[in-house]
Protein chains: 2
Amino acid sequence: MENEIIKYLTKHTSLSDELIDIVIASTIIKNYKKGTVLLREGEISKESYFVLKGCVRSYFINDGEERTIEFYTEEQPVLPIGYGKGIPSGQYLECIEDSVLTLNTTEHEKEMFLKYPQFESICRIMTEVMMANFQESFVNYKITNPEERYLFLQKERPYLFQRVPQYQLASYLGIKPESLSRLRKRLNRK
Amino acid sequence: MENEIIKYLTKHTSLSDELIDIVIASTIIKNYKKGTVLLREGEISKESYFVLKGCVRSYFINDGEERTIEFYTEEQPVLPIGYGKGIPSGQYLECIEDSVLTLNTTEHEKEMFLKYPQFESICRIMTEVMMANFQESFVNYKITNPEERYLFLQKERPYLFQRVPQYQLASYLGIKPESLSRLRKRLNRK
DNA sequence: CTTAAAAATTGACTTTGGTTAAGAAATTTA
DNA sequence: TAAATTTCTTAACCAAAGTCAATTTTTAAG
């Protein structure tokens, strides 16, 4: 299962064989039950993850309502907002399925940076990739209405519709569950 | 005017006196006329900027309509999406006022990294700061409606209302110019 | 200063999402 | 399996944004 991380890393950076072995050797894999909260609002985020199996949802609570930021599924890294910054997190991270995740801590990262300096630049590149993805999400969110977002999601990540409750999808799309229900009805008629 | 960059950098990182001198010595300052397009969609973005005076707008065109991503004003860094990635830009950058900007190129950056390795970690931190800001913007955008965004902007960056045409503000808020007009009327009545 | 062009406002009408409330369907759990 | 809880759907009504079109105001150009 470690292969998935290597696959992901080599997609974005060039890893020497030596580093590949090091990554594999130092990777911690953990199982999490559905419903496990990995991070709560107000806590300091010191862990990042990589999804080998399952689904992690990030969200925050506004006016008592959950607003989904992102769904992380197989082969996606989970870097909470503010990870490693020592500032209280504004978001929650929750496993919405039984999940298998690799676990990475800021301490572990520091050690690795000292032992293997190439690691720092790899992490920089990864951060930049995430930033680019994030910016793209923002732009996409801004130029689309809920219906377009729904169709886009259906095209790009259809499996989410089987795995995620609709009220969570609704908050991800920026609408209320009732509106998502109507939207689906509307699309069915077309 | 170079002081502004130093002020900005020291706000987020700790710069040695030596590095401060280096930054000042290697800073290129340029004047741009209102209407200057710094980056076009499809071009490779190899330049980043820092606004000393004036205003830069980033936007993209969707279905023939401009959608404003951000307004950059005094003491803000302008890092185009995809800067230094060698991929065609999806956005435009335009000076919407006569502007004075510092100019930074990817080549120049590379040189600096070689000469002064501390620079790489400063840039990493800066990238992280920008990412954090960006994520905050996204969250804010998601939890607010156009009216709330308008009021927030009025509170946080009131000067934009004097400097930016309303149709650009409208696209920044995610609505049509007609709707912004009505929104303003509605707020006046309250 | 006048004219032309661009930007902002207004009105009528449509569409879409929010709200509230009720009920149906699906999922958990005892 | 039955009961309880959660999730989803539907309906009626309201508010806000989109659309189209016309008009006014402002700005830029000659």
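Not measured: the values here are computed from a predicted model. Chain naming here is simple, since letters A, B, ... match the order of the sequence lines and numbering starts at 1 in each. As a basis for the values below, the full set of heavy atoms in this structure was taken, side chains included, without hydrogen atoms, waters or symmetry mates.
For Glu70(A) and Arg57(A), the salt-bridge test fails: no basic side-chain N is under 4.0 Å from an acidic carboxylate O. A salt bridge between Glu107(B) and Lys110(B) is absent, with no side-chain N of the basic residue lying under 4.0 Å from a carboxylate O of the acidic one. At a threshold of 4.0 Å, the pair Glu18(B)-Lys115(B) does not count as salt-bridged, since none of the basic side-chain nitrogens sits closer than that to a carboxylate oxygen. We find that Arg186(A) and Glu147(A) are joined by a salt bridge, their nearest charged nitrogen and carboxylate oxygen being less than 4.0 Å apart.
Between Lys185(B) atom NZ and dA15(D) atom P the separation is 17 Å, expressed in whole Å. Atom CG in Leu180(A) sits roughly 15 Å away from atom P in dT16(C) (whole-Å rounding). With rounding to whole Å, Leu187(A) atom CG is found 14 Å from dT15(C) atom C1'. Distance Ile96(B) CD1 to dA7(C) C1': 14 Å, rounded to the nearest Å. Atom CD of Glu97(A) is separated from atom C1' of dT28(C) by 17 Å (rounded to the nearest Å).
Within the 4.5 Å cutoff, no side-chain heavy atoms of Ile96(A) are placed close to those of Val56(A).
Between Thr106(A) and Gly84(A) the shortest heavy-atom distance is CG2-CA, 3.5 Å.
Every residue was checked against the salt bridge (charged side-chain N to carboxylate O under 4.0 Å, His left out) condition with Glu43(A), not counting sequence neighbours, and none meets it. Under the ring pair (Phe, Tyr, Trp, His ring centres under 6.0 Å) criterion, Phe161(A) pairs with Tyr150(A), not counting sequence neighbours. Qualifying salt bridge (charged side-chain N to carboxylate O under 4.0 Å, His left out) partners for Arg40(B), counting only residues two or more places apart in sequence or in other chains: none.
Arg157(A) and Thr73(A) form a side-chain donor-acceptor contact under 3.5 Å, judged by distance and modelled atom types alone.
When the local axes at the two ends of the helix from dC1(C)-dG30(D) to dA30(C)-dT1(D) are compared, using 5 base pairs at each end, they differ in direction by 50° after rounding to 10°.
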Is there any protein nitrogen or oxygen under 3.5 Å from a nitrogen or oxygen in nucleotides 22-28 of chain D, and what are the pairs?
none

What does the list of N/O pairs under 3.5 Å between the protein and nucleotides 17-19 of chain C look like, with a distance for each?
from	atom 1	to	atom 2	distance (Å)
dG17(C)	OP2	Arg186(A)	NH1	2.9
dG17(C)	OP2	Arg186(A)	NH2	3.0
dG18(C)	OP2	Lys176(A)	N	3.1
dG18(C)	OP2	Ser179(A)	OG	2.7
dG18(C)	N7	Arg182(A)	NH2	2.9
dG18(C)	O6	Arg182(A)	NH1	2.8

Please tabulate the protein-to-nucleotide N/O contacts below 3.5 Å involving nucleotides 3-8 of chain D, giving atom names and distances.
from	atom 1	to	atom 2	distance (Å)
dT7(D)	OP1	Tyr167(A)	OH	3.1
dC8(D)	OP1	Gln166(A)	N	2.6
dC8(D)	OP2	Gln166(A)	N	3.2
dC8(D)	OP2	Tyr167(A)	N	2.9

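Every pair passing ring pair (Phe, Tyr, Trp, His ring centres under 6.0 Å) that includes a residue from residues 63-90 of chain A is listed here, sequence neighbours excluded: Phe71(A)-Tyr172(A).
Other members of the cluster containing Tyr92(B) are Tyr59(B), Ile61(B), with ILVMFWY side chains joined at under 4.5 Å, either directly or via other members. Summarising the hydrophobic clusters (Ile, Leu, Val, Met, Phe, Trp, Tyr; side-chain heavy atoms under 4.5 Å, direct or chained), the residues clustered with Ile87(B) are none.
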Under 3.5 Å, which donor-acceptor pairs link side chains of residues 173-181 of chain B to any protein atom two or more places apart or in another chain?
from	atom 1	to	atom 2	distance (Å)
Lys176(B)	NZ	Glu65(B)	OE1	2.6
Lys176(B)	NZ	Glu65(B)	OE2	3.0
Ser179(B)	OG	Arg182(B)	NH2	3.3

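A donor-acceptor pair is defined here as one N or O able to donate and one able to accept, closer than 3.5 Å; no such pair exists between the side chain of Asp98(A) and the backbone of Lys33(A).
Of the residues in residues 152-161 of chain A, none has a non-hydrogen atom less than 4.0 angstrom from any atom of DNA chain D.
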